[in-house]
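In what follows, a single structure is set out as structure tokens and then discussed.
All heavy atoms count here, side chains included; hydrogens, waters and symmetry mates do not. In what follows, every chain begins at residue 1, and chains take the letters A, B, ... in the order their sequences are listed.
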2 protein chains.
Amino acid sequence: MQQLKGIKILLVDDEPNILQFLELGLQNEGFEVQTAQDGMTAITILKQFQPHVVILDVMMPGMDGFEVCRMIKKMDNVAVIMLTARDEVDDRVKGLNLGADDYMVKPFSFEELLARIYARIRNQFPHLFGEVVIGPFHIDDRRKEIRYENRVLELSPTEYELLKFLVLNHGLVLSKTMILDKVWGYDFAGEENIVEVYIRSLRDKLHDKDHQLIRTLRGSGYRVDLP
Amino acid sequence: MQQLKGIKILLVDDEPNILQFLELGLQNEGFEVQTAQDGMTAITILKQFQPHVVILDVMMPGMDGFEVCRMIKKMDNVAVIMLTARDEVDDRVKGLNLGADDYMVKPFSFEELLARIYARIRNQFPHLFGEVVIGPFHIDDRRKEIRYENRVLELSPTEYELLKFLVLNHGLVLSKTMILDKVWGYDFAGEENIVEVYIRSLRDKLHDKDHQLIRTLRGSGYRVDLP
DNA sequence: ATGAAAACTGAAAGTTTGTTGAATATCTCT
DNA sequence: AGAGATATTCAACAAACTTTCAGTTTTCAT
């Protein structure tokens, strides 16, 4: 399997043994790994770590896997793989209705887990396998870099995420609420005005003086129109 | 990043578990979801959220599902799917006499619900699945854009909604009262004259100088006639 | 033909929403 | 701790949109 740099995995399980076992294995495989022993910790880490994949035990004390999964899914595009004991497999898990993208029944082989992880990544983050070109934009997620008309844009982290979101969804009207949910996270407490402020900043950097590139749909939101 | 559909669903049920379960599943499916635990709340949310589909439990404390359904149907063009326990299925539900468009007996599988939702949407909001072509009009709701004879019309939000309503119902006479109800909302307090004002604005933008496209049926309303 | 009702129109007044510059707060390095 | 970058809020402003109003025109029944 190819060496993927910069793919981040968050492990959540209350059993230290399993946690350590998986952590070592995945690190050895070249992933960046962080661990949490409970739901609350997981959520905290999630935001600063921004993993691509979360591996999540269903049964945990405190906030259980379902709840954690829900919060994750609301927040961002993250692949979630749930782990469950054989006798816990209920329909919620089976149907993957809770937002999880895959699940595995314990005990499982490490190889099997790896296979699923790669499947998820390939499926959900095609842009991690190279840069995506969308019109005049080149998005290189590994470098956290966006080029516009072959010029690298100097973007702050938030600007980067926002522009990526807008460009990947070009042609669609994106409401400020939706933008806040997806870029700032479901739990952002501030004002919608911040979206407007960042849009301005992007327009400045894109020299989009007449708002042709990032259009305002008054009352509805914003839409990126590619030439 | 997941594909955004821009289809909004309002869930109404007094059981938090079911509510949460469905919310997660539907969000994961790409819908925009809001929830309410009782009828009053539902009505309030309805107005600002403007969902395309409402999923409504029949049995609720306070205002029951039937009542809520009636109000919804009066107010807006929304698909309603009712949920009922097996032993509650009375003829009112069966006959769909109350304005509901479909009903489901609990317990049901998530897949089944999804299927029904899509059936409803396809039926009631074909334009949400991308662009709809009706004569010389192209309505693209996801872009919030209407083209006429391949020219993009510059429309204000209200103009957009009004023209969409007229074109989707072309060939039918639409009274000012009905237009007010559907486009401005059942609770609009102003004068009917505003419809006339907006019709004029649309005629201007469509260059419909002789009123051939948007016909006035004196005493009855307006009708869009496609060539 | 004539008058009343309905529809049309231009412009003013009112309201909402988005834009902007700057101030403040927070974070991230060294 | 302090500097610089980044994030967030705020309030004034501008622009776009909505609604009303009053005068005019059209329509239609008498």
Side-chain angles (χ1 to χ4, degrees), chain A residues 44 47-50 144 146 153-166 173-180 182-185 187-224, chain B residues 47-48 50 144 146 153-166 173-180 182-185 187-224:
Chain A
T44 313
K47 287 171 55 184
Q48 48 163 33
F49 184 47
Q50 303 249 53
K144 297 284 175 227
I146 298 182
L153 299 169
E154 296 290 340
L155 302 173
S156 78
T158 307
E159 288 166 356
Y160 173 83
E161 290 300 326
L162 174 57
L163 183 56
K164 186 174 90 181
F165 179 64
L166 292 174
V173 178
L174 305 165
S175 71
K176 275 175 268 196
T177 311
M178 190 178 286
I179 292 172
L180 272 185
K182 297 293 179 182
V183 177
W184 272 261
D187 58 346
F188 178 74
E191 306 287 318
E192 292 199 336
N193 173 252
I194 196 161
V195 176
E196 296 157 5
V197 172
Y198 268 87
I199 290 281
R200 166 177 46 134
S201 153
L202 286 183
R203 293 212 257 227
D204 281 356
K205 295 190 179 181
L206 295 164
H207 305 109
D208 183 27
K209 205 147 201 256
D210 52 2
H211 301 188
Q212 290 296 298
L213 228 191
I214 303 180
R215 278 206 125 80
T216 303
L217 285 291
R218 178 168 261 254
S220 307
Y222 296 94
R223 187 187 70 202
V224 166
Chain B
K47 283 163 57 178
Q48 48 161 30
Q50 303 248 54
K144 290 264 179 285
I146 298 181
L153 299 169
E154 297 289 340
L155 303 172
S156 79
T158 307
E159 288 166 357
Y160 176 84
E161 290 300 326
L162 175 57
L163 183 55
K164 186 173 89 181
F165 179 63
L166 293 174
V173 180
L174 306 164
S175 71
K176 274 177 269 193
T177 311
M178 183 180 290
I179 291 173
L180 273 185
K182 297 293 180 181
V183 178
W184 273 261
D187 57 349
F188 178 73
E191 305 288 318
E192 293 200 336
N193 172 252
I194 196 162
V195 177
E196 298 160 12
V197 172
Y198 270 87
I199 291 280
R200 165 175 49 126
S201 154
L202 286 183
R203 282 174 173 155
D204 282 356
K205 295 190 179 181
L206 295 165
H207 305 110
D208 182 28
K209 207 143 200 252
D210 52 1
H211 301 191
Q212 290 297 296
L213 230 191
I214 303 180
R215 278 212 135 75
T216 302
L217 287 294
R218 177 166 246 259
S220 318
Y222 297 93
R223 187 185 66 207
V224 166

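Computed from coordinates, the L162(A) CG to dA7(D) C1' distance equals 13 Å when rounded to whole Å. The distance between atom CD of E196(B) and atom C1' of dA5(C), rounded to the nearest whole Å, is 12 Å. Between the CG atom of L180(B) and the C1' atom of dT19(D) there is a distance of 12 Å, given to the nearest Å. The nearest whole Å value for the distance from the CG atom in D187(B) to the P atom in dT19(D) is 11 Å. dC8(C) atom P lies 12 Å from atom CG of L202(B), rounded to whole Å. The separation between E161(A) atom CD and dA7(D) atom P is 10 Å, rounded to whole Å. Atom CD1 in I194(B) sits about 11 Å away from atom P in dC21(D), given to the nearest Å. Remark: P of dG18(C) and CD1 of I214(A) are 15 Å apart, rounded to the nearest angstrom.
Panel note: side chain K205(B), backbone E154(B); a donor-acceptor pair is recorded below 3.5 Å.
Close to dC17(D), at under 4.0 Å from its OP1 or OP2, lies no side-chain N or O of T158(B). For T216(B) and dC8(C), the shortest distance from a side-chain N or O to OP1 or OP2 is below 4.0 Å. Taking 4.0 angstrom as the limit, R203(B) places none of its side-chain polar atoms (N or O) nearer than this to OP1 or OP2 of dT9(C).
Closest approach to the Y222(A) side chain among dA7(D), dG18(C), dT19(D) is made by dG18(C) (side chain taken as heavy atoms from C-beta onward). Of the listed nucleotides (dA7(C), dA22(C), dC10(D)), dA22(C) has the atom at the smallest distance from the side chain of R200(A). For F188(B), counting side-chain heavy atoms from C-beta on, the closest listed nucleotide (dT8(D), dC8(C), dT19(D)) is dT19(D). Minimum atom distance to the side chain of W184(B) is reached by dT19(D), of the listed dT6(D), dT19(C), dT19(D). Nearest nucleotide to the K176(B) side chain, out of dC8(C), dA7(C), dG18(C): dA7(C). Among the nucleotides dT20(D), dT9(D), dC17(D), the one closest to any side-chain atom of R218(A) is dC17(D). Considering only the side chain of S156(A), dA7(D) comes nearest among dT9(C), dA7(D), dT19(C). Taking every side-chain heavy atom of V197(B) into account, dG10(C) is the closest of dG18(C), dG10(C), dT18(D).
Taking 4.5 Å as the limit, every side-chain heavy atom of L213(B) sits out of range of all side-chain heavy atoms of R203(B). A heavy-atom distance below 4.5 Å is not found between the side chains of Y160(B) and L153(B). Looking at F188(A) and I194(A), their side chains come closer than 4.5 Å, going by heavy atoms from C-beta outward. L166(B) has its side chain within reach of I179(B): a pair of non-hydrogen atoms, C-beta onward, lies under 4.5 Å apart.
Partner of Y222(A) under the side chain to side chain contact (heavy atoms under 4.5 Å, CB included) criterion, out of L217(A), V195(A), L174(A), L202(A): V195(A) alone.
Within 4.0 Å (heavy atoms only), E191(A) reaches sugar-phosphate atoms of the nucleic acid but no base atom.
The base of dT9(C) lies close enough to the side chain of N193(B) for a donor and an acceptor atom to sit less than 3.5 Å apart.
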